[in-house]
**Q** 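Just dropping this structure here.
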Amino acid sequence: MRDELIVSGLTVRFAGLTALDDVGFTVAPGSVHAVIGPNGAGKSTCFNVLSGVYRATEGSVTFGGTELTTLAPHRIAALGIARTFQNIALSRHLSVEDNLMLGRHRLTKAGFLSAGLRLPRARREDARHRARVRDIAEFVGVGDHLAAPVGMLPYGVQKRIELARGLAMEPRLLLLDEPVAGMNGTERQRMADVIVRARADLGISILLVEHDMGMVMRLADEVTVLDFGKRIAGGPPADVQRDPAVLRAYLGAAHEPTAGTATATEEEERERA
Ligand SMILES: Nc1ncnc2c1ncn2[C@@H]1O[C@H](COP(=O)(O)OP(=O)(O)O)[C@@H](O)[C@H]1O
Ligand SMILES: [Mg+2]
């Protein structure tokens, strides 16, 4: 089906370590699907396979029927899959606008060379992309910061700019790796609002890796729970939250936030620093 993401039998092994073990789940078009689990569960590894950064050892991932596991990252992006990273991966010295323009690179027909030469067609295309970038910046609430170097802006704003850069690629599926990690309550709420509107107004599917159970409960239609590389539970958030295997996995992980906690973990604090 168009825009449906199907992960099946996904296994990723590193030397001596199985990071993902026969994992399967489906992201329905236009839904928010959360992948949760304690540290080291394999969440980021899963994202890295979906975006072509890591190779699957076994298994398959299809998006709209196209097999992804053999494709390079730029080919996966061209299918309409965009991602953000657990740690901010923006160009700190570039302006917000330029960071978002870089996100549109794959959509730019004229290319940077003819744009640099200021050919009329390239100039028109550039203006069109800049207009769209401004709209996207407004959409995530950073429209006032377009000219500011990203590195000068507060952490919570930078996280929303990263999401905006994903949106600038005009994706059909957006992968968000811990979008509210290290944020305070207000910043979390703003990010949650953007995610809700991205799904509702833009109709895109969102696959979300998240620690914060409160966020997951509020945002997700479906949840997949990983622990030590295995899928231990899945379903609507209310069911998953009551699942004994999930409670065991979370209670067993000493350094994880417990269900409902909205404070930053030590790890998240380190990532901010
Ligand atoms: N490139 C890599 N090389 C070796 N081991 C890795 C690599 N990436 C992840 N791992 C290991 O795979 C496991 C899952 O990691 P990760 O997917 O980052 O977990 P999570 O995002 O759920 O915290 C961890 O044990 C981690 O150390
Ligand atoms: Mg991770």
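Excluded from the calculations below are hydrogen atoms, water molecules and symmetry mates; all remaining heavy atoms, backbone and side chain alike, are included. Indexing begins at 1, ligand by ligand and atom by atom, following the structure's order.
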**Q** Could you list the atoms of ligand 1 found under 4.0 angstrom from a heavy atom of T45?
**A**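 Selected atoms, number and element: 9 (C), 14 (C), 15 (O), 16 (P), 17 (O).
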**Q** Confirm or rule out an N/O/S atom of T45, from backbone or side chain, lying less than 2.8 Å from the Mg ion (ligand 2).
**A**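 Checking the Mg ion (ligand 2) against T45, no N, O or S atom falls under 2.8 Å.
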**Q** Any salt bridge between K43 and E210, counting N to O under 4.0 Å?
**A**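 No.
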**Q** Between R104 and E170, is the salt bridge (charged side-chain N to carboxylate O under 4.0 Å, His left out) condition met? List the steps.
**A** CA-CA 8 Å; R104 291 190 80 73; E170 309 290 353; 2.9 Å; yes
**Q** When clusters are formed by joining ILVMFWY residues with side-chain heavy atoms under 4.5 Å apart, either directly or through shared neighbours, do M191 and M217 land in the same one?
**A**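 Looking at the clustering, M217 is in a separate group from M191.
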**Q** Report the part of L17 (side chain from C-beta onward, or backbone N, CA, C, O) that has a heavy atom under 4.0 Å from ligand 1; answer both or neither where that applies.
**A**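 Contact part for L17 vs ligand 1: side chain (C-beta onward).
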**Q** Does G42 come within less than 4.0 angstrom of ligand 1, counting non-hydrogen atoms of the residue?
**A**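 Yes; G42 lies near enough to ligand 1 that a heavy-atom distance drops under 4.0 Å.
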**Q** Under 3.5 Å, is there a donor-acceptor pair between the S44 and D177 side chains?
**A**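 A donor-acceptor contact under 3.5 Å links the two side chains.
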**Q** Do other residues, nucleotides or ligands put more than 12 heavy atoms under 6.0 Å from R197 CZ?
**A**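 Counting neighbours around CZ of R197, more than 12 heavy atoms of other residues, nucleotides or ligands fall under 6.0 Å, so yes.
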**Q** Using a 4.0 Å cut-off to any heavy atom of N39, which atoms of ligand 1 qualify?
**A**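 In order of numbering, the contacting atoms are 23 (O).
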**Q** Taking atom 12 (O) of ligand 1 as the point of reference, which of G37, A15, A19, G16 owns the nearest heavy atom?
**A**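 Residue with the shortest heavy-atom distance to the ligand atom: A19.
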**Q** Are any of the N or O atoms of F14 closer than 3.5 Å to those of ligand 1?
**A**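 No, there is no polar N/O contact under 3.5 Å.
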**Q** Please identify which atoms of ligand 1 are closer than 4.0 Å to at least one heavy atom of Y54.
**A**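 Every atom of ligand 1 under 4.0 Å from some heavy atom of Y54: 1 (N), 2 (C), 7 (C), 8 (N).
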**Q** Quick one: do the R13 and T57 side chains pair a donor with an acceptor below 3.5 Å?
**A**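 No - no donor-acceptor pair under 3.5 Å links their side chains.
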**Q** Which of the atoms in ligand 1, numbered in the order shown and given with their element, are less than 4.0 Å from a heavy-atom of A41?
**A**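 Ligand 1 atoms under the 4.0 Å threshold to A41: 19 (O), 20 (P), 22 (O).
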**Q** For the residue pair T224 / E222, report whether a side-chain donor-acceptor contact shorter than 3.5 Å exists.
**A**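 Absent: no donor and acceptor within the cut-off.
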**Q** Within a distance under 4.0 Å of any heavy atom of S44, pick out the atoms of ligand 1 and give their elements.
**A**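 Taking each heavy atom of S44 in turn, ligand 1 has 17 (O), 18 (O), 20 (P), 21 (O) under 4.0 Å.
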